[in-house]
Each structure stands twice: as C-alpha cells, then as structure tokens.
Asks: 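First the structure, then my questions, so here it is.
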Amino acid sequence: MTPEALSAALVAILRQLQDDRILAAGELPTEVVVERPRNREHGDWATNLALQFAASFSLKPRDLAEHVAKALQTTAGVSKVDVAGPGFINITLDAGLAGEIAQQIVDAGESYGRSDALSGEKLNLEFVSANPTGPVHLGSTRWAAVGDSLARILQSQGAEVTREYYFNDHGAQIDRFARSLLARARGDQIPEDGYAGAYIDQIANQVLDGTAVELLNLPEAEAQEAFRAAGVELMFQEIRSSLHEFGVDFDVYFHENSLYESGAVDRAVERLKAGGHMFEQDGALWLRTTTFGDDRDRVVLKSDGEAAYIAGDLAYYLDKRSRGFDRCIYILGADHHGYVPRMMAMCAAFGDEPGVNLEILIGQMVNLVRDGEPVRMSKRAGTVVTLEDLVDVVGVDAARYALVRSSINSSLDVDLALLEKKTNDNPVFYVQYAHARTRQVAVNAASLGVERVEFAPELLDHATEEELLAKLAEFPRVLSHAADERSPHRVARYLEEVAGSYHRWYDNCRVTPLAGADVETVHRTRLWLNEATSTVLRNGLGILGVIAPERM
RNA sequence: GCCCCUAUAGCUCAGGGGAUAGAGCGUUGCCCUCCGAAGGCGAAAGCGCAGGUUCGAGUCCUGCUAGGGGCACCA
C-alpha cells in the first residue's frame, strides 16, 4: 500500500461519509496529505485531514477523525488506526504490505516515479540565454543546471518540454563586442566600453586565422561587421560546446536577430497597435504596460527609430506561442527581476493570462567567495569564473549537483578555496556512493548465488527496512511536487535522505549470508530492496543530470 | 524612495500550517574476523527582533533590523 493509495482511500471514505449524511454537503478535497510521521510510534503513515477539513464541515477535528478512523479500520491492508492529539489519524499497515513496494519499484524500473499528470502540456522552458559576448559564467551555469533538471522533472510528469536558448545577437552590446575584437586584432587598446579578457584576444585571432589578412584594411564599418559576424559565430559555438560538455543541450537556439530580419518584431508591434496598447510620445513608440500593473510605460521603438530590447521580447513571445506552447517558462537571474512586470503586462496585452501562459522564475545570484571573503567577479581583474573553470576543478557531477541542490530563491555562495582543494565535501559523493554500494552488493549477491527468485515482503521488518521502504515510496510524490513547485533542489535533498536510509539499512541487514551460511528467503527478498534502492537513486540522479556510478 | 530575494547549528544549506526542526562539512567519543569505513552509532550546537492570524507558526500577515539584487528611449 503506497501513500498515494492511502490518500485515495481516504478521499473515498470522505465521499462515503458524505453519502451517509455524516458529513454535510460541501466540496471535498481531491487530495489528502499522507505523511510519514517523524515518530515511528505514530504508525506507518499519518494524515492531518481531520484538522484540515473539520471546520468546513462544522465538526470538531477529533470527531471527524473518529468517523474516518472507523471506516479506515475496515480497509484492506490497514491493520491499526489511531486518533491522536488534536485529530491526527495514525495508520499502521499489515505486515508485508509496506514491503511490496520494493518489488513494484523493481518492476517499474526506469518508469518508477514518472506520471502522466502533465501529459498534453506543451511547455517551452527558456534558460541560460547568456549573451554571446563571452563564455558562460558561474551565474548562468547555475541556470544551466537548474533549467535542465527542471526540464527533466517536467518531462517525468508527462509534459512535452522544449529547452530553448535565446541568443542575443542584436544590439549595442554586440557592437561593443565587435569593436573590442577589431581593436585587439589590430593590437589596439580595448575601447572604454568594450569587453576585455583573454578570450577576446583568442577569438580575434581565430577570426583573423579564418579569413584573409586584408580584413584589417577594410573600411571601419565593414571590418567591424566582419568581426561581428565571425566573432558571434565563434562565441556561439564555444557556448554551445561548453554547455554540451556540461550535459545540457537545447532543442532550440533562437537568434534574436532573426526576429528583426523576418519582420516578426514589426508584426508584434502592429498587433499591439491594433489592440490599442501603443502610443507615441516624445518621438518614441510606447507600450502602455501600466494598464496591466507595470509601474511605468515602456518604450518599444526609440525616438531614433531603433528598437528597444523589449521589442525583440514581444516578437519572441508571440513566436513561442505561435509554435504551440501553452506555457512559456523563463528562468531569469535576480538582476532581471525588474523586467517581470513589463513582461507580464506584455503577455496580458496580447490577451494571454500572465502566470499561466507566461511564467517567470527569478533565481538569485551566485556569489564567489574565497575563504569566506566575497570576491567580486570582474573580467578585468581576471576573477570571472566560467562554466568550464568550474567543471575543470570539480567535474560535471559535483558542479551540477552543487548548483542544483539549493532553492533558486537563495543566493548561492561558491567558495573558490574549497573547490581548489578538490575536497569530497560535496553531498553528491554521498549519494553516488550509496548507488555504487547497491551495485556492488548486487555483484556480490550474484556471485554467492543470491537471486531474485522469490519475494517475501513480510520479512522486510527491520526498523531500517521500514524506514527505507517508506522513503522509496515517496519518490513519485517528490517528483510531482518538484514539478509543481519548479524546485529541482527537492529531488537532490530527497536523494540524500534515500542514501542515508540505505546506508543505515546496509549496516543492519545483510543481503548476502555470512560465510558458510545458507542463502535464505530473507536474503533473496532483501536483494529486491537493494535493487529498488538502486532504481530510485539511478532515476533520481538521472533527473539531476548526474551519473549513477557502478563503482567509485 | 519604490520593487524582488534572503535571515534556521561554527560553515554551506533543507524544511508542503502539524507531533521531539534536519543534512553535508567542521568539532568530538565509539564501531571494520565476513556484502565498499567515501559508511554507521552517539555528543555539543540553531529558527534575526516585535506584534498579529490559527486548535497549532521556522512556515501565513504587518512592522523593524541586517545582507544581496534591481529601479533607462542599456541590453
């Protein structure tokens, strides 16, 4: 009996009580929270439904709890029901029932934890979208790890997810990038507002290598354009390849420039004009975002005729919608949070529903620290840490795990000194080690003739087995909750708990018999539990884009 | 001035209104004659402050304090 099954049984009981006129008419909850009580004396599972819903039926919590408890007594698989405290319902299952989940998990394999809750939803998830004026830095790397895991989580719930990267190859910053390249190619100083760093020299040289030397003798505008086109392409390739090394591949790399070349920007503006959301003032064209809650209106076409940045976003959003995405999710850094109200206003101006068709996740920044002291990331000071730097020092697994295990609402400190020491203080090793252990136990079991030829779940009755089984049973809900809350970090935290439960079990219950002893049913049964743990750890690590190693 | 995020153990962070607030690292005491000690068991150690809502608040609301980020016809 899984917590989901118990929850469903409880909902059915409430419906029955209503049919029997014990409960007043009224809306019933569609889901009831069934939790593992912290204190094992409180049974296998507990629910607070009486405390939650008693008031809406004009009952005292304990009275409602008694009614539910009485009905639950007769439910198959339930051995004991208690009402405790103000109205908690504590449930104990029949021996063996809790153990069945081990076999179910092994049978489900890769599909354990998946659901079809989001099937039919077509989601567009945009993240990273770092500008092609430099390598992917530490901050963006966080969104690469988080975004990719979130995509996997949403896919596990049946959603059709497109990972998208908005490639910002239009506008003034690209011009500065091009001027910087050109200057370095000529051996000149970087312009005042330009980009510095060794990578600029590298790319400038690459551009030169790939073309005729006469490039430098072209008229200024043509030379700059040549460096812009070639430099952006090289930068783009580098970003793409470092993300690929990081295990993050996008389905769509969308070039901002294409929106201008295709006329999509003009069409978006026309549509907003037709909707009566645009006005002219001071020679510029404005979008009246204040109609939809923004604190001031926004310029779309500047008085010099150039498009403001938001113009591209208008067209880009419409383009996503026209590609059939019900929901467009953006992951943006905290330095862009001020951008949210105007994006939401834009969404509303197009007649869409902000928060539904357009969803923006704001993630806090990554701070660089050395020995506890903050380090300012500065390209000029050479203290920019890139995705590749991070991976070079700690590897993909540790990097992804460290960046994904915290809530995006918290800023994250990355300590350089710690990373340089290559210490194993990253919890990813704790989880990976647990998985490696399950595999080695399986290897040893096989060599000693322990096989999964029989399964007697009632033998999984040690305290550490009950704990582990309950933990494994939570995986589907953890995934579903992580999807609902857009919180990949919950999966990481959950895996750490699974690993802990497994290590404790390993310490108490042997899968292989002691030397000279016979292989018994209990060993064969435990092998199922070992395999189930392996499955959950493997599936969970897969969600995080981290390898589940056979050995370490 | 306005907006967003944060404040939980020595450090980095979890914690879905519920029962005795957790993990990793660090400190410290124990446990390898048999499936991996990258492990387990134990100890010390914590919800910024003040109100409020609630049967019940680390969690929700208000105010305060502190830290981070943002408030362009930049992108």
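Residue numbers start from 1 in every chain, and the chains themselves are labelled A, B, ... in the order their sequence lines are given, proteins ahead of strands.
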Asks: Are OP1 or OP2 of B/A19 and a side-chain N or O of A/R38 less than 4.0 angstrom apart?
Replies: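 Affirmative; the distance criterion is met.
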Asks: Show me the pairs that pass salt bridge (Lys or Arg N to Asp or Glu O under 4.0 Å) and involve residues 503-523 of chain A, at least two apart or across chains.
Replies: A/E467-A/R504
Asks: Just jot down the ring pair (Phe, Tyr, Trp, His ring centres under 6.0 Å) partners of A/Y494, sequence neighbours excluded, or say none.
Replies: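 A/Y494: ring pair (Phe, Tyr, Trp, His ring centres under 6.0 Å) contacts with A/F475.
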Asks: Taking side-chain hydrogen bond (donor to acceptor under 3.5 Å, both in side chains) as the definition, give me every residue that meets it alongside A/N90, ordered by chain and number, with sequence neighbours left out.
Replies: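 side-chain hydrogen bond (donor to acceptor under 3.5 Å, both in side chains) list for A/N90, sorted by chain: empty.
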Asks: Quick one: side-chain hydrogen bond (donor to acceptor under 3.5 Å, both in side chains) partners of A/E550, sequence neighbours excluded?
Replies: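 If we apply the side-chain hydrogen bond (donor to acceptor under 3.5 Å, both in side chains) test to A/E550, skipping adjacent residues, there are no hits.
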Asks: Hunt down the Watson-Crick or G-U wobble partner of B/C2, both distances under 3.5 Å, from any strand shown, or write none.
Replies: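 Its partner is B/G70 (Watson-Crick or G-U wobble, both distances under 3.5 Å).
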Asks: Taking atom CD of A/E66 and atom CD1 of A/I89, what is their separation to the nearest 0.5 Å?
Replies: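 Going from CD on A/E66 over to CD1 on A/I89, the span is 8.5 Å.
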Asks: Does the ring of A/Y433 meet both stacking tests against the six-membered base ring of B/G36: centre distance under 5.5 Å and plane angle under 30°?
Replies: no
Asks: Can you list the residues that meet the salt bridge (charged side-chain N to carboxylate O under 4.0 Å, His left out) rule with A/D175, with sequence neighbours excluded?
Replies: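 For A/D175, no residue satisfies salt bridge (charged side-chain N to carboxylate O under 4.0 Å, His left out) once neighbours in sequence are set aside.
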Asks: For A/F88, which contact category applies under a 4.0 Å heavy-atom criterion: base, sugar-phosphate, or nothing?
Replies: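 Base contact.
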Asks: At less than 4.0 Å, is any side-chain N or O atom of A/T438 found next to OP1 or OP2 of B/G36? Yes or no.
Replies: no
Asks: Applying a 4.0 Å non-hydrogen cut-off, can you work out what A/L514 is touching in the nucleic acid: base, sugar-phosphate, or nothing?
Replies: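 Base contact - A/L514 has a heavy atom under 4.0 Å of at least one base atom.
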Asks: Which base sits across from B/C41 as a Watson-Crick or G-U pair, both distances under 3.5 Å?
Replies: B/G29
Asks: Would you tell me if any nitrogen or oxygen in the side chain of A/R490 comes within less than 4.0 Å of OP1 or OP2 on B/G15?
Replies: yes
Asks: Does OP1 or OP2 of B/A38 have a side-chain N or O of A/Y502 closer than 4.0 Å?
Replies: no
Asks: Between B/A37 and A/Y506, is there an OP1 or OP2 to side-chain N/O distance shorter than 4.0 Å?
Replies: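 Looking at the OP1 and OP2 atoms of B/A37, one of them is under 4.0 Å from a side-chain N or O of A/Y506.
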Asks: Among B/U6, B/G18, B/A19, which nucleotide sits nearest the side chain of A/S410?
Replies: B/U6
Asks: The side chain of A/A515 lies closest to which of these nucleotides: B/C55, B/C34, B/A14?
Replies: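 Ranking B/C55, B/C34, B/A14 by closest atom to the A/A515 side chain puts B/C34 first.
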Asks: With a 4.0 Å cut-off on heavy atoms, is A/N409 in touch with a base, just the backbone sugar-phosphate, or nothing at all?
Replies: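 Answer is sugar-phosphate: A/N409 comes under 4.0 Å of backbone atoms only.
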Asks: Using a heavy-atom distance cut-off of less than 4.0 Å, which residues of residues 477-485 of chain A contact RNA chain B?
Replies: A/H481
Asks: For A/E496, enumerate each residue passing the side-chain hydrogen bond (donor to acceptor under 3.5 Å, both in side chains) test, keeping only those at least two apart in sequence or located in another chain.
Replies: A/Y401, A/R405
Asks: Encode nucleotides 69-75 of chain B as B, S and - characters from 5' to 3', where the letter depends on protein heavy atoms closer than 4.0 Å: B to the base, S only to sugar-phosphate, - to neither.
Replies: BS-SBSB
Asks: Using the C1' atom in both, what is the distance from B/C47 to B/G1, to the nearest Å?
Replies: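 It comes out at 32 Å once rounded to the nearest Å.
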Asks: So which nucleotide does B/A21 pair with, by the Watson-Crick or G-U wobble rule with both distances under 3.5 Å?
Replies: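 Result: none.
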Asks: With the stacking rule set at 5.5 Å and 30°, tell me whether A/H42 counts as stacking on B/A19.
Replies: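 Yes; by the centre-distance and plane-angle rule, A/H42 counts as stacking on B/A19.
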Asks: Suppose we define a pair by two distances each less than 3.5 Å, Watson-Crick or G-U wobble; what does B/A9 pair with here?
Replies: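 No nucleotide pairs with B/A9.
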Asks: Show every ring pair (Phe, Tyr, Trp, His ring centres under 6.0 Å) that has at least one partner inside residues 295-317 of chain A, sequence neighbours left out.
Replies: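 Listed once each, the pairs are A/Y166-A/Y316, A/F254-A/Y316.
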Asks: Between A/S410 and A/Q364, do the side chains contain an N or O donor and an N or O acceptor separated by less than 3.5 Å?
Replies: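 Side chains of A/S410 and A/Q364: no pair found under 3.5 Å.
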